[in-house]
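Worksheet: the structure to be examined is printed underneath.
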Amino acid sequence: MLILGIETSCDETAAAILTTPRTLLANVVYSQIIHQKYGGVVPELASREHIKRLVGVVDESLTRAGQQLSDIEGIAVTYGPGLVGALLVGLTFAKSLAQAANKPFIGINHIEGHIFSNYLESPECRPPFVALVVSGGHSSLFHVRAWGDYRLLGKTRDDAPGEAFDKVAKILGLSYPGGPAIQKAAENGNPKFFRFPRATMGKDSYEFSFSGLKTAVALYIKDKAPEFIREHLADICASFQESVCDILARKAIAACRDLRLERLSISGGVAMNKRLREMVEERADGIKVFKPSPLLCTDNAAMIAAAGGWHLERGERSPLNLNAVPYLQL
Amino acid sequence: MNRISHSEKDTFDFGHDFASRLSANDFIGLYGELGAGKTAFTRGLCRGLGCLVEAHSPTYNIVNIYPGRIEVVHIDLYRIENDLDEIGWTDLIDSGRVVIVEWAEKAKKELPNKRFDVFFAVIDENQRQIRIEQINDFGN
């Protein structure tokens, strides 16, 4: 089945063409650069950018895949969670296209999409497994009992890890987005320079909290001289990064052990972090860890097409009155 | 109104209590450094207002909108300053919602005359001073 996937939940305008189950023919992502100067995503601007870019991005995906719109056999689109205006652009476009061209249509949960990024690259990533989805806006741990059957084990009570990276980058005067900036600054730093707190949220909890960690960094540098911070920037970044990754890796591995599962999937933008990838592998001890390549970690439509293809092939369809759901849960 | 908070939970509870004084179209400006408790206070406030989702930091999205009995707009102006139009400021603050703005000082002259200002100061690792002022400026 030839699937067109569309993703506009935040600041990436993306389209992909895929033959089920996992042959990716084109994966086009336009990252909106307009938000850079604000140090965050401006919802109003994101919607306007999606409107400007989406048609071109979809055209480009068809061209790169060497396909015509008439060849497409199903359309999959993100309908939540995300920014309501941004979601509506992709969703309305996809619904209109499905109706006009008379194609099967399905709305996909963005978080399910992130889990499917490993389905796309690793056929061995078979349920049951544990999935850690970590990004700028999300941080959740799932027990994937089967494709399409997810049990939430825990999520963040406050900030997502990507947000913690952004805030700490802000505190330390580094650029946006904070994840790559801190990872770079942390190179050659000593991760044991200072031990920032790890919020465990109770012994058996799979919940996360990153707000206190951000506050701890703010308090730590508050009474330090600017020269000290400059001199130890790499150490502070490495120590902070160590704390975030430690919490994520610890909970993900614990979930695998508790549920006696041998496979762990990590995905989402923060899954690009080298230290996190490394740490999860170090602690895996027999657990097979699946990590998407960087292009499939950040928001993309290939994962939406993959999840959409899976659901469409089972005969599932969404009604054409499907609405955007900004706080959609999985 | 002045209170010393001894924990994040205290700050949350203060926000929760304060919600009973609010109704649609109220504007609350929050002032204080990162980690001072603005988001924790907002979480409590939104819980008190009956929001259907947990409030979370708008650092990443700049504008969060929470559905509920009264819809709540939660804005972070940290890096916005002269670009209020770009985030749809006029529509956002005049919409029948409760509006909560972190780093409200960045809005300068665009701040509504009638509002609540909430100031957060870090005393030490756990303690915060939180002060609420009601501003009623009738254009004089």
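To find a chain, count down the sequence lines: A is the first, B the second, and so on, and within it residues start at 1.
More than 12 heavy atoms of other residues, nucleotides or ligands shown are found within 6.0 angstrom of CD on B:Gln134. Crowding of A:Lys251 atom NZ: a count of heavy atoms from other residues, nucleotides or ligands under 6.0 Å exceeding 12. Counting heavy atoms of neighbouring residues, nucleotides and ligands inside a 6.0 Å radius, atom CD1 of B:Ile123 exceeds 12 of them. Counting non-hydrogen atoms of other residues, nucleotides and ligands closer than 6.0 Å to NZ of A:Lys184 gives a total of 12 or fewer. Taking a 6.0 Å sphere around CZ of B:Arg47, one finds it holds 12 or fewer heavy atoms contributed by other residues, nucleotides or ligands.
Between B:Glu86 and A:Val42, the shortest heavy-atom distance links the atoms O-CG1, 3.8 Å. The minimum heavy-atom distance between A:Asp159 and B:Ser57, with the atom names listed, is OD1-CB, 3.5 Å. Shortest non-hydrogen contact noted between B:Asp85 and A:Arg48 is O-NH2, 4.4 Å.
Considering CD of B:Glu8 and OG1 of A:Thr215, their distance stands at 7.0 Å, rounded to 0.5 Å.
Only the side chain of B:Glu33 has a heavy atom closer than 4.5 Å to any heavy atom of chain A. Looking at B:Val63, the atoms closer than 4.5 Å to chain A (heavy atoms on both sides) sit in the backbone and in the side chain alike. With a 4.5 Å cut-off on non-hydrogen atoms, B:Asp76 touches chain A through its side chain but not through its backbone. Both the backbone and the side chain of A:Lys167 have a heavy atom closer than 4.5 Å to some heavy atom of chain B.
In this structure the side chain of A:Lys222 reaches within 4.5 angstrom of the side chain of B:Val122, judged on heavy atoms. Within the 4.5 Å cutoff, the side chain of A:Arg157 has no heavy atoms near those of the B:Arg43 side chain.
Ring geometry for B:Tyr66 against A:Tyr327 counts as tilted: the plane angle lies between 30° and 60°, on a 0 to 90° scale.
For chain B, the option among A:Lys37, A:Glu163, A:Glu44, A:Lys170 with the highest count of heavy-atom pairs below 4.5 Å is A:Lys170. For chain A, the option among B:Asp91, B:Ile65, B:Asp124 with the highest count of heavy-atom pairs below 4.5 Å is B:Ile65. With chain B as the partner, the residue from A:Val41, A:Val84, A:Val217 showing the most heavy-atom pairs under 4.5 Å is A:Val41.
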